[in-house]
> 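Before anything else, here's the structure in question.
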Amino acid sequence: MRVLGIETSCDETAAAIVDDGRNIRSSVVASQSDLHARYGGVVPEIASRAHVDLINDVIAQSLVEAGTTLDEVDAVAAVHGPGLAGALLVGVSAAKAIAIATGRPYVGVNHHEAHVYAGLLEDPTLEPPFVTLVVSGGHTLLIAMDAHGSYRVLGQTVDDAAGEAFDKVARFLGLGYPGGPAIDRLALEGDRDAIAFPRPMLDDGNDFSFSGLKTAVVQYVRKHPDVEVADVAASFQAAVVDVLVTKLLRVAEESGVETLVIGGGVAANSELRTRLLDEGETNGLRVILPSISLCTDNAAMVASVAWWRLLADGPTPLDGGAYPGLKLGA
Ligand code: KG4
Ligand code: ZN
């Protein structure tokens with residue numbers, strides 16, 4: 001079964017063709033980050049308009065690169081939440097229009113679930129149960145996936161998401177947007193032990209808090225204006241990674257699972273990836289690190305989820321909408 005997936009929940013306009021939930025034939029991503037960079041973050045109205053401008057070309061490109069046509073597509077899927085309302089509506093409307101025009105089923109997909117499925121695209125032998133850390137610009141979630149379609153959210157952020165903290169700290173340090181990749185690069189030149197930033201809520205349950213860490217960075221730099229920016233980047237990144245890795249390992253142990261999966265834009269972070277591989281080796285755990293293009297927002301992961309959802313639950317009714325606050329499992 002060939003699925004066209006569409007992703008427009010934030011600032012990437014993406015379309016992909018995936019066969020049978022696992023075989024990626026094409027994955028096209030048009031990033032809008034240049035448009036938002038001057039504002040230091042995503043501007044919702046600019047994102048919606050850019051999606052409208054880009055969506056038809058991106059879908060056409062995904063068909064060309066896959067060597068297929070809409071006639072050969074068996075289902076059409078789009079992320080219907082969570083995300084920016086206007087941005088989501090562009091992808092949902094495009095998917096429904098194609099579904100109606102071709103007489104194919106439409107499937108609305110949860111964006112978090114899509115990030116979890118990036119792991120299944122990366123490694124075709126991967127099967128639940130496993131625990132996964134979805135870390136992006138909007139979310140920090142620890143999820144146990146017990147079976148296809150069956151999730152338990154074990155922990156989440158009580159304030160800023162991990163990616164949001166990267167973006168805000170980068171902005172404060174004058175490193176531009178998106179901040180995660182900029183801090184990741186600069187941290188390579190710095191000393192991760194130079195500054196002992198706090199590890200918020202490290203031993204306090206499975207939830208996360210990153211807003212105080214961001215404030216600690218701002219206060220430190222104001223007090224020490226001559227500090228090496230690379231040391232600040234490396235020490236901040238070390239604090240975030242310590243917290244993420246410690247909590248992921250802890251829930252894995254509590255859940256008795258032997259496989260860890262990461263997803264979301266922050267899962268592209270080089271220190272997080274290296275640390276998890278090391279910890280996996282030390283603790284005898286299998287660690288699935290999706291390739292960078294599967295970690296950041298893309299539509300292949302959307303088409304993959306849609307295949308499983310279609311088999312399990314059937315199509316989404318065409319009167320379904322866009323759900324900016326959609327929860328996992330809803
Ligand atoms: O999943 P994603 O592409 O979009 C959302 O759903 O939010 O994640 C984007 C987030 C941004 O906050 C960006 O700064 C962060 O992922 N990010 C990184 C890295 N690459 C992207 N954070 C840390 N290190 C990276 N290498
Ligand atoms: Zn995302």
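Order of listing sets the numbers, starting from 1, for every ligand and every atom in it.
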> Could you tell me which residues satisfy salt bridge (Lys or Arg N to Asp or Glu O under 4.0 Å) with E281, sequence neighbours excluded, listed by chain and number?
none
> Between D146 (side chain only) and P129 (backbone N and O only), is there a donor and an acceptor less than 3.5 Å apart?
no
> Anything with a heavy atom under 4.0 Å from ligand 1 counts, so go ahead and list those protein residues by chain and number.
H111, H115, S136, G137, G138, G163, F166, D167, P178, G179, G180, P181, D184, G264, G265, V266, A268, N269, T296, D297
> Please find the pair of heavy atoms, one from I55 and one from I6, that lie closest to each other, and give the distance.
CD1-CG2, 3.7 Å
> How wide is the angle at the Zn ion (ligand 2) between NE2 in H115 and NE2 in H111, to the nearest 10°?
90°
> Please verify the inter-ring angle class for H111 with H115; under 30° counts as parallel, over 60° as perpendicular, anything in between as tilted.
perpendicular
> Please give the atom name: the N, O or S atom of D297 nearest to the Zn ion (ligand 2).
OD1
> Is the distance between the ring centroids of H80 and Y106 under 6.0 Å?
no
> Can you tell whether the side chains of R192 and E271 come within less than 4.0 Å, N to carboxylate O?
yes
> Assess H112: does it contribute an N, O or S atom lying under 2.8 Å from the Zn ion (ligand 2)?
no
> Please determine whether a side-chain nitrogen of the Lys or Arg among E65 and R25 lies less than 4.0 Å from a carboxylate oxygen of the Asp or Glu.
no
> Within less than 2.8 Å of the Zn ion (ligand 2), any N, O or S from C10?
no
